[in-house]
Number of protein chains: 2
Amino acid sequence: MEHARITSLQVAERAGVSQSAVSRVFTPGASASAKTIAKVRKAAEELGYRPNRVARTMITGKSRIIGLVVAYLDNQFYPQALEHLSNALQEKGYHVLVFTATNSPEKVEEVMRDLLDFQVDGIITASVAVTSDLTVRCNAAGIPVVMFNRDQDGADVNAVTSDNVNGGRKVAEFLVQCGHRRIAHISGWDGSSTGRDRRRGFSEGLAAHGHKPHQIIDGMYNRDTASQATRDLMDSLTPPDAIFVGNDHMAFAVMDTLRHELGLKIPQDVAIVGFDDVPLAAWPSYDLTTVRQPLNRMVEATVDMVIAQIDEGVIAPRRVAFDGPLIRRSSTRQPKGQET
Amino acid sequence: MEHARITSLQVAERAGVSQSAVSRVFTPGASASAKTIAKVRKAAEELGYRPNRVARTMITGKSRIIGLVVAYLDNQFYPQALEHLSNALQEKGYHVLVFTATNSPEKVEEVMRDLLDFQVDGIITASVAVTSDLTVRCNAAGIPVVMFNRDQDGADVNAVTSDNVNGGRKVAEFLVQCGHRRIAHISGWDGSSTGRDRRRGFSEGLAAHGHKPHQIIDGMYNRDTASQATRDLMDSLTPPDAIFVGNDHMAFAVMDTLRHELGLKIPQDVAIVGFDDVPLAAWPSYDLTTVRQPLNRMVEATVDMVIAQIDEGVIAPRRVAFDGPLIRRSSTRQPKGQET
DNA sequence: CACTGTTTTGCAAGCGTATGCAATGAAGGG
DNA sequence: CCCTTCATTGCATACGCTTGCAAAACAGTG
């Protein structure tokens, strides 16, 4: 019943060569004469042989599997990132073992342990904070860790992000140019580098024009929190006339709350700017002005970084930040002097 | 430099027992005295030993990895499914190796081959059609394949879906009750069982009340196609007064097109019903009436099915379809006699 | 043809674990 | 105290492959 798996030995017998010959034919970079290659290929074909990756992993210590730790799959940015990462890695012969983790340090710890058991060649964490202790241990084990869309101040880690500080600054400048003076910020989670950097860039950007944030509330990258923050902001004698929201995911909640709960118009009553430029931001229902994170370049850089460090065996922490453009849509007014 | 991995042998030496003893301590169901267990646990703790899953896989033939083949990550339903599946499997000690595949048979073929190389214990395909030839080969290799949210007529495969026929029927009945008479359908891809079943249920449901579909267009589960279909439907002397859309993902595009391109009101001018009940459907911007696919139960059933077949070793094709409720929201009117 | 340099090839040793088997020891009954 | 029974333990092997090493085949040169 059990269709026994074909091994290299069986192929060897049928081809009339040694088992090592078979192995060499299927090992890129090994030497074999044209004649044996032909014989082995034929026999393998006939038997339907495929090398056993597990056995190969045992020997070489390389699994060609990358562990991906991911947290917020309800934010459209991450499925998208997952898809791109998976495809890019597949292209290079790697595959993705997915772990979901809430953002509690213990859970992440546990997940990373598990990951190491699987002999993954590298780890990518998407918006998940990793204690530097943990990355040290991974590095000691020769396993590169790259943080995608998150950074860790001070720690010696690999990180690929967009230029969040600059992004925040761009938003500030743009909103000032649009004539706004009471600009609030529902920030990304303060425990995340992205959240902090965007907030900082925003504050700096306003300061450069002699302004100050009207109010800042931590939205925790959470829809409900962002909605509540919106209510709190607007329930004031001097509500903001523009809100920069820490990411698109929250911005949608903010827009929903403003329009359907508070009955306000966007951008007439309040202008909204997000961050990420997920596909949903371009849908007409939201049509959200936002800072685009250059997903393709970020993914490419992440994949290159992991693979380079796997190949070189050296892990010299690197960090990259890509600049992303501000995409203007109808959730904001035209800047002064550009009205149509 | 290279922090060598700790092996069971080193633990054995430190604990003063044989390597087999160590193995047995870490193998559930193996026998060892309380004393050795203590000694081994202690030594393992001190050295930071963790059993090597790859070596274990070599011996047992079980990797505790499930391959997940997924296609449409831009439809929110699938990230959600992915997250739930991953969590449910993690809970049972399994992990998920993700493969993305376009829905071309060749690509799927290639992906499944790869998957087998990794010695996965089972395969879950999410909305991906698998040739029965392929499942036969997997079964021959003793690897269960479960299709999630898709079925294959006639073939001997495992499938977990919601009751799509009945769901379509419910929509038809509801829309008739609301007083609609020109009810169109932008159907799910005709090459998918879900698309066909929903369409069939819808047609049957209308027929049961003596009605007929106003018009049916294949939306291919694609936003652009659905938008175009919407334009085509509405550009008529007798446009529909209600549209049942094959899934939420397309329904959002339809709503966007109706409102922002054609300037129509929902549900006053046209009522819209979707299918899936993704989180986005509950957001106030859409507030879409839709048939809920009972994700939790579907995931649970899928996981149970895979694991049962792994454990039993027997692969007796099973198929389950869960009934899902119609969730009424403001994209449709109140049914006759229930107006407030 | 002898000699050297270069491929190609087979042999055999492992990679880290699980497990059948036989040996050991402990426990219990008479 | 002896014999039986059963749980525990160690030994040795196997899982399917890669790879260092040395022998063998080949090619090229004078």
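Below, chain A is the first sequence line, B the second, and so on; all start at residue 1.
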Which one, [options], comes nearest to the side chain of [X]?
X	options	answer
A/T27	D/dT19, C/dG10, D/dC17	D/dT19
A/T60	D/dT9, D/dT19, C/dG10	D/dT19
B/M58	C/dC15, D/dC15, D/dG10	D/dC15

With hydrogens left out and only the distance checked, is there a donor-acceptor pair under 3.5 Å joining B/S20's side chain and the base of D/dC11?
yes
Whole-Å gap separating [atom2] ([N]) and [atom1] ([X]):
X	N	atom1	atom2	result
A/I37	C/dT9	CD1	C1'	13 Å
B/K35	C/dA27	NZ	P	10 Å
B/K62	D/dG16	NZ	C1'	17 Å
B/I59	C/dG20	CD1	P	11 Å
B/F26	C/dT19	CZ	C1'	17 Å
A/Y49	D/dG16	OH	C1'	8 Å
B/Q19	C/dA18	CD	P	8 Å
A/E13	D/dG16	CD	P	13 Å

Would you say D/dG10 has OP1 or OP2 under 4.0 Å from some side-chain N or O of B/S18?
yes
Distance below 4.0 Å between B/S33 side-chain N/O and D/dA7 OP1 or OP2:
no
Do B/Q19 and B/S23 have side-chain N/O donor and acceptor atoms under 3.5 Å apart?
no
Hydrogens and angles aside, do B/Q309 and B/N158 bring a side-chain donor and acceptor to less than 3.5 Å of each other?
yes
Within the distance-only criterion (no hydrogens, no angle test), does the side chain of B/S193 pair as donor or acceptor with the backbone N or O of B/D151 below 3.5 angstrom?
yes
Per nearest nucleotide of DNA chain D, the residue lying toward the 5' end, A/R53 or B/A34, is B/A34
On DNA chain D, more 5' by nearest nucleotide between B/A55 and B/G16 is B/G16
For DNA chain C, whose closest nucleotide is more 5', that of B/R24 or that of B/N52?
B/N52
Determine the contact category for A/T57: base if any of its heavy atoms lies under 4.0 Å from a base atom, sugar-phosphate if only primed atoms, P, OP1 or OP2 are that close, otherwise nothing.
nothing
Salt-bridged, A/K42 to A/E46, with N to O below 4.0 Å?
yes
Determine, for B/R137 against B/E109, whether the closest basic-nitrogen to carboxylate-oxygen distance falls under 4.0 angstrom.
yes
